[in-house]
J.: 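One structure coming up, written as C-alpha cells, with questions to follow.
Worth saying up front: this structure is predicted, and the values here are computed from it rather than measured. Position 1 is the first residue of the sequence, and the numbers go up from there.
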Amino acid sequence: MTRAVLFDVGNTLILASPRFWLLPFLEERGLRPRKDPKAAALEAFRFYEENHLQAKDLATALALWREFHRRLFAGMGLEAEAEALSQELVENWKNPRFWPLVPGAQEVLSTLKERGYALAVVSNWDATLPEILEVVGLRPHFHHLAVSALSGVAKPDPRLFQEALEALGVAPEEAVHVGDSEADLLGAKGAGVRPLLFDPLGQNPEALHHLERVLDFLP
C-alpha cells in the first residue's frame with residue numbers, strides 16, 4: 001500500500017529550463033543569446049551540481065547562484081552583460097516569476113494531500129529551496145524537505161531518500177518518488193522506493209509528460 005509520495009523539484013515541480021524564465025528576462029532587456037543557450041545551460045548546471053553541497057546557508061547559496069548565472073550568460077555570449085544581469089537575478093531570487101511551476105503542480109499536490117498521502121521533497125538543491133517553495137506556494141503541501149545541501153548528501157545517494165522516509169514514518173515499499181533524472185531513478189531504487197520518471201519537456205518517451213499522470217499510478 002502506498003502511503004507517501006516523494007518529489008524532486010527541478011523540472012519536476014519547478015521548470016528549470018532557461019527557456020521558461022531566463023529567455024523572457026533577456027527579451028525584456030532587448031537581449032538575445034549569441035551562442036547556443038543549451039550548451040551554456042548544461043555547463044552552468046554542471047558547475048552548480050558540483051558545488052551546491054557547500055551552499056548550506058543563504059549567503060553562500062546566493063553567491064553560488066550569482067556565479068551560476070554569470071557562467072550561464074557568458075556561455076550564451078553575453079560576457080559584457082553577465083555581471084549586471086547576474087546581480088539583478090540574485091537580488092530578485094524570491095520573485096516567483098523566476099521559478100515557474102510545472103503545469104498541474106499545485107493541483108496534483110493538493111489532490112494527493114486530500115487523499116491522505118504524506119508528501120516530501122527529495123531534491124539536490126542549496127539552502128534557498130525552503131524559501132523558494134514558500135514564495136511559489138508549494139511549501140504548505142509538504143511534511144518534510146530533504147534538501148541535499150542542508151542534509152550533506154546528494155542524489156543518487158539513497159540516504160537523502162531515507163531521511164524523507166524516516167521523517168514521514170513510512171517504509172520504502174510504501175513510497176513512490178517522482179523525478180526527472182537518472183539520479184532520481186538510481187537513488188530511489190537504492191532506497192527501495194518505486195520511482196516514477198517524469199519529463200515536463202516531453203523529450204523522454206519512457207517518462208510521464210504530464211504531472212497529472214502521477215495520479216493514475218496511485219490508488
J.: Does some side-chain heavy atom of D184 sit less than 4.5 Å from a side-chain heavy atom of H177?
T.: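 Result yes, sub-4.5 Å side-chain heavy-atom pair found.
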
J.: Between F198 and V102, is any pair of side-chain heavy atoms under 4.5 Å apart?
T.: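 Result yes, sub-4.5 Å side-chain heavy-atom pair found.
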
J.: Is a donor on one side and an acceptor on the other found under 3.5 Å between the side chain of S17 and the backbone of F20?
T.: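 Checking the backbone N and O of F20 against the side chain of S17, no donor-acceptor pair under 3.5 Å is found.
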
J.: So, the side chain of T111 versus the backbone of E107: is there a donor-acceptor pair under 3.5 Å, distance only?
T.: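 Yes; judged by distance alone, with no hydrogens or angles, the pair exists.
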
J.: If hydrophobic clusters are built from ILVMFWY residues whose side chains come within less than 4.5 Å, do L186 and L196 share one?
T.: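 Different hydrophobic clusters.
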
J.: Rounded to the nearest 0.5 Å, what separation is found between the NE2 atom of H144 and the CG atom of L119?
T.: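 Reported to 0.5 Å precision, the distance equals 13.0 Å.
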
J.: I'd like to know whether V121 forms a side chain to side chain contact (heavy atoms under 4.5 Å, CB included) with V9, so could you lay out the CA-CA distance, the side-chain angles of the two residues, the decisive distance to 0.1 Å, and finally the verdict.
T.: CA-CA 7 Å; V121 158; V9 174; 3.7 Å; yes

J.: Tell me whether H52 contacts the main-chain N or O of E49 through its side chain, where contact means a donor paired with an acceptor under 3.5 Å.
T.: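 Here the side-chain-to-backbone pair exists.
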
J.: Considering all heavy atoms of both residues, which atom of S86 and which atom of H69 are nearest to each other, and what is their separation?
T.: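 Nearest heavy atoms, S86 then H69: OG-C, 3.3 Å.
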
J.: Rounded to the nearest 0.5 Å, what separation is found between the CG atom of L13 and the CG atom of L211?
T.: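 Interatomic distance, L13 CG to L211 CG, rounded to 0.5 Å: 6.5 Å.
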
J.: Could you check R97 against E28 for salt bridge (charged side-chain N to carboxylate O under 4.0 Å, His left out), going step by step and ending with a plain yes or no?
T.: CA-CA 13 Å; R97 67 163 293 191; E28 290 170 3; 3.0 Å; yes

J.: Would you find a donor on one side and an acceptor on the other, under 3.5 Å apart, between the side chain of K113 and the backbone of P140?
T.: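 Such a contact is found between K113 side chain and P140 backbone.
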
J.: Take L64 and F47 through the side chain to side chain contact (heavy atoms under 4.5 Å, CB included) test and state the conclusion after the steps.
T.: CA-CA 9 Å; L64 175 63; F47 166 80; 3.7 Å; yes

J.: Does I132 reach the side chain of I14, with side-chain heavy atoms less than 4.5 Å apart?
T.: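 Heavy-atom side-chain distance check passes, below 4.5 Å.
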
J.: For a salt bridge (charged side-chain N to carboxylate O under 4.0 Å, His left out) check, start with the C-alpha distance between E163 and R159, then their side-chain angles and the critical distance, and finish with the verdict.
T.: CA-CA 6 Å; E163 174 193 324; R159 287 178 292 174; over 6 Å; no

J.: Between D126 and A55 (side chain of the first, backbone of the second, donor and acceptor by atom type, cut-off under 3.5 Å), is there such a pair?
T.: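 Side chain of D126 to backbone of A55: no pair is present.
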
J.: R32 vs E27, test: salt bridge (charged side-chain N to carboxylate O under 4.0 Å, His left out). Steps then yes/no.
T.: CA-CA 6 Å; R32 299 181 67 180; E27 287 173 8; over 6 Å; no

J.: Of all residues at least two apart in sequence or in a different chain, which pass the side-chain contact (heavy atoms from CB on, under 4.5 Å) check with N204?
T.: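 In terms of side-chain contact (heavy atoms from CB on, under 4.5 Å), with neighbours along the sequence ignored, N204 is linked to L197, D199, E206, A207.
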
J.: According to a hydrophobic-cluster definition based on side-chain heavy atoms being under 4.5 Å apart (Ile, Leu, Val, Met, Phe, Trp, Tyr only), do L101 and L129 belong together?
T.: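 Yes, because L101 and L129 connect within a single hydrophobic cluster, where side-chain heavy atoms sit under 4.5 Å apart.
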
J.: For the side chain of S148 and the backbone of W125, is there at least one donor-acceptor N/O pair under 3.5 Å apart?
T.: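 Indeed, once roles are kept as given, a pair shorter than 3.5 Å links the two residues.
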
J.: Quick one: CG on L62 to CD on E91, what's the gap to the nearest 0.5 Å?
T.: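 Between L62 CG and E91 CD, I get 10.5 Å after rounding to 0.5 Å.
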
J.: So F7 and L112, do their side chains get closer than 4.5 Å, heavy atoms only?
T.: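 Yes, at least one pair of side-chain atoms sits under 4.5 Å.
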
J.: Would a distance-only check, ignoring hydrogens and angles, find a side-chain to backbone donor-acceptor pair under 3.5 Å from D157 to A154?
T.: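 No, the answer is negative, given that no donor and acceptor are paired below the 3.5 Å cut-off.
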
J.: Are L78 and L42 connected into the same hydrophobic cluster when the rule is that any two of I, L, V, M, F, W, Y join if their side-chain heavy atoms are below 4.5 Å apart?
T.: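 Shared cluster, no.
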
J.: Keeping R139 on the side-chain end and F142 on the backbone end, is there a donor-acceptor pair under 3.5 Å?
T.: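 Pair found, side chain donor or acceptor close to backbone of F142.
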
J.: Got a second to check how far L185's CG is from K155's NZ, nearest 0.5 Å?
T.: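 If we round to the nearest 0.5 Å, L185:CG and K155:NZ are 10.0 Å apart.
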
J.: Given a cutoff of under 4.5 Å between side-chain heavy atoms of I, L, V, M, F, W and Y, with clusters grown through shared members, what are the other residues clustered with L168?
T.: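 Under the 4.5 Å side-chain rule, L168 groups with L6, V122, V153, L160, F161, L165, V170, V193.
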
J.: Can you check side chain to side chain contact (heavy atoms under 4.5 Å, CB included) on E88 and F25, steps first, answer last?
T.: CA-CA 11 Å; E88 185 176 354; F25 172 76; 3.8 Å; yes

J.: Are L53 and L58 connected into the same hydrophobic cluster when the rule is that any two of I, L, V, M, F, W, Y join if their side-chain heavy atoms are below 4.5 Å apart?
T.: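 No, separate clusters.
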
J.: Considering residues, nucleotides and ligands other than E182, do more than 12 of their heavy atoms fall under 6.0 Å from its CD?
T.: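 No, because the 6.0 Å sphere around CD of E182 holds 12 heavy atoms or fewer from other groups.
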
J.: Side-chain contact test, heavy atoms from C-beta onward, threshold under 4.5 Å: evaluate it for F98 versus N92 and give yes or no.
T.: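 Yes, their side chains come closer than 4.5 Å.
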
J.: Would you say the side-chain atoms of Q87 and E83 include a donor-acceptor pair closer than 3.5 Å?
T.: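 Side-chain D/A pair, Q87 to E83: absent.
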
J.: Using side chain to side chain contact (heavy atoms under 4.5 Å, CB included), reason through E81 and F73 one step at a time and then give a plain yes or no.
T.: CA-CA 8 Å; E81 299 90 348; F73 289 126; over 6 Å; no

J.: Between A127 and P130, what is the shortest heavy-atom contact and its length?
T.: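 Reported closest heavy-atom pair: O-CD, 3.5 Å.
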
J.: Which heavy-atom pair separates A74 from A82 by the least distance, and what is that distance?
T.: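 Scanning both residues, the minimum pair turns out to be N-CB, 4.3 Å.
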
J.: How many angstroms lie between atom CD of E67 and atom CZ of R71, to the nearest 0.5 angstrom?
T.: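 Separation between the atoms: 4.5 Å.
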
J.: Around atom NE2 of H210, are there more than 12 heavy atoms of other residues, nucleotides or ligands at under 6.0 Å?
T.: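 Check fails, neighbour count at 12 or below.
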
J.: In the structure I gave you, are the side-chain heavy atoms of L22 and L89 within less than 4.5 Å of one another anywhere?
T.: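 Heavy-atom side-chain distance check passes, below 4.5 Å.
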
J.: Taking D57 for the side chain and T60 for the main chain, is one N or O donor matched with an acceptor at less than 3.5 Å?
T.: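 The answer is yes, because a donor-acceptor pair under 3.5 Å joins these two groups.
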
J.: Just so I know, are the side chains of L208 and V178 near enough to count as touching, which here means a heavy-atom distance under 4.5 Å?
T.: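 Answer no - side chains too far apart.
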
J.: Might you point out which heavy atoms bring D180 and G10 nearest each other, and give the distance in Å?
T.: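 Taking every non-hydrogen atom into account, OD1-O, 3.1 Å.
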
J.: What are the two closest heavy atoms between L15 and P103, and how far apart are they?
T.: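 In terms of heavy atoms, the two residues are closest at CD1-CD, 4.4 Å.
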
J.: With the side chain counted from C-beta on, respond yes when K38 and R19 share a heavy-atom pair under 4.5 Å apart, and no when they do not.
T.: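 Of all side-chain heavy-atom pairs linking R19 with K38, none is under 4.5 Å.
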
J.: Okay, side chain of W65, backbone of T128: is any donor-acceptor separation there less than 3.5 Å?
T.: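 Between the backbone of T128 and the side chain of W65 there is no qualifying donor-acceptor contact (under 3.5 Å).
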
J.: Classify the side-chain pair Q106/H141 by whether it contains a donor and acceptor separated by less than 3.5 Å.
T.: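 Judged by distance alone, the side chains do pair up.
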
J.: For A164 and A120, work out which heavy atoms get closest and say how close.
T.: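 Scanning both residues completely, I find the closest heavy atoms to be CB-CB, 4.1 Å.
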
J.: Would you find more than 12 non-hydrogen atoms of other residues, nucleotides or ligands less than 6.0 Å from R29 atom CZ?
T.: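 Atom CZ in R29 is packed in, count exceeds 12.
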
J.: How many angstroms lie between CZ in R213 and CG in L215, if you round to the nearest 0.5 Å?
T.: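 Reported value, rounded in 0.5 Å steps: 10.0 Å.
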
